[in-house]
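Quick caveat, the model's predicted, so the values are computed rather than measured. We count residues from 1, following the sequence as given.
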Amino acid sequence: MTRLRARRLAGLCLLGLAAWGAGLGWFVVDARRPPAVPPHADGIVALTGGQGRIEQSLRLLAQGYGDRLLISGVDRHATLGEFLRHQPPPVPLAVWTHTTLGHRAASTLGNADETATWVHEYGMKSVIVVTAGYHIRRAMLEIARTVPGVHLYGYPIRSPALRHPLHPGTIRLMVVEYDKWLLACLDMARLTRPLHGLLNHADTRPVAPMG
């Protein structure tokens, strides 16, 4: 009986590992998909922390895909002018007047809370979410929990790391992000919010680009 139970346990472990590996493969493929052209939305939110997110969100706003833009999680000393001076001129006036910098968020949970405050302030019903492809599903999941009823459209940015998917650093990144997404599906991050805050106390938000 003991051997039978051990075999069953081993079989379940192997089955779980196989399921996890298959899910990871899907996650990597999904993270590399190009963004679809989004519909017009009331707002656009860019979650900082990787290359191309802020630049693309500014382009989407300038092209009229959204009425307002929130750049969530920037350094507290950053200014809008420091970001916009790197955009091709002329920068539309609406980009200057309809862009908000969010200085409070330092994590995905913080991004979600900051986005919710902004969405409620302007009474938005639809939002385009701009972040890395490996981060898009977790980010939209957390944001959806803070703004139920608001239509979210993902705009994934392909990270430069994904150009080399078999590089050890990329594999490690994908494993970590996949596991974070799995935990987010279980809402573990919010259940452990106090501990999360203690472990992520450092301010790692990006500063404005230097000239």
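For the ring pair (Phe, Tyr, Trp, His ring centres under 6.0 Å) with Phe27, the lone residue among Tyr178, Tyr134, Trp20 that qualifies is Tyr178. When His135, Arg172, Arg138 are each tested for a side chain to side chain donor-acceptor pair (under 3.5 Å) with Glu177, only one passes: Arg138.
The two residues Ile128 and Tyr65 make their nearest non-hydrogen contact at CD1-O, 3.7 Å. Taking every heavy atom of both residues into account, Thr146 and His120 meet most closely at O-NE2, 4.0 Å. Counting all heavy atoms, side chain and backbone alike, Tyr155 lies closest to Ile136 at N-CD1, 3.8 Å.
Annotation: side chain of Asp67 is in contact with side chain of His40 (closest heavy-atom distance under 4.5 Å). Using a 4.5 Å heavy-atom cutoff, the side chains of Leu162 and Met174 are in contact. Put simply, the side chain of Leu60 reaches to within 4.5 Å of the side chain of Val130, judged on heavy atoms. Considering only heavy atoms from C-beta on, Arg32 comes within 4.5 Å of Arg158 through its side chain. Proximity of Met124 to Val147: side-chain heavy atoms (C-beta onward) are nowhere separated by under 4.5 Å. You'll find the side chain of Asp179 reaches within 4.5 Å of the side chain of Val175, heavy atoms only.
A donor-acceptor pair is defined here as one N or O able to donate and one able to accept, closer than 3.5 Å; no such pair exists between the side chain of Thr108 and the backbone of Ala139. Using a distance-only test at 3.5 Å, with no hydrogens or angles considered, a donor-acceptor pair links the side chain of Thr115 to the main chain of Asn111. Panel note: side chain Arg53, backbone Leu47; a donor-acceptor pair is recorded below 3.5 Å.
Leu61 contributes atom CG, which lies 5.0 Å from atom OG1 of Thr99 (distance to the nearest 0.5 angstrom). Interatomic distance, OG1 of Thr100 versus CD of Glu121, reported as 7.0 Å (0.5 Å rounding).
For NE2 of His164, the number of neighbouring non-hydrogen atoms (other residues, nucleotides, ligands) closer than 6.0 Å is 12 at most.
Remark: the Glu114 side chain and the Ser72 side chain contain an N/O donor-acceptor pair separated by less than 3.5 Å.
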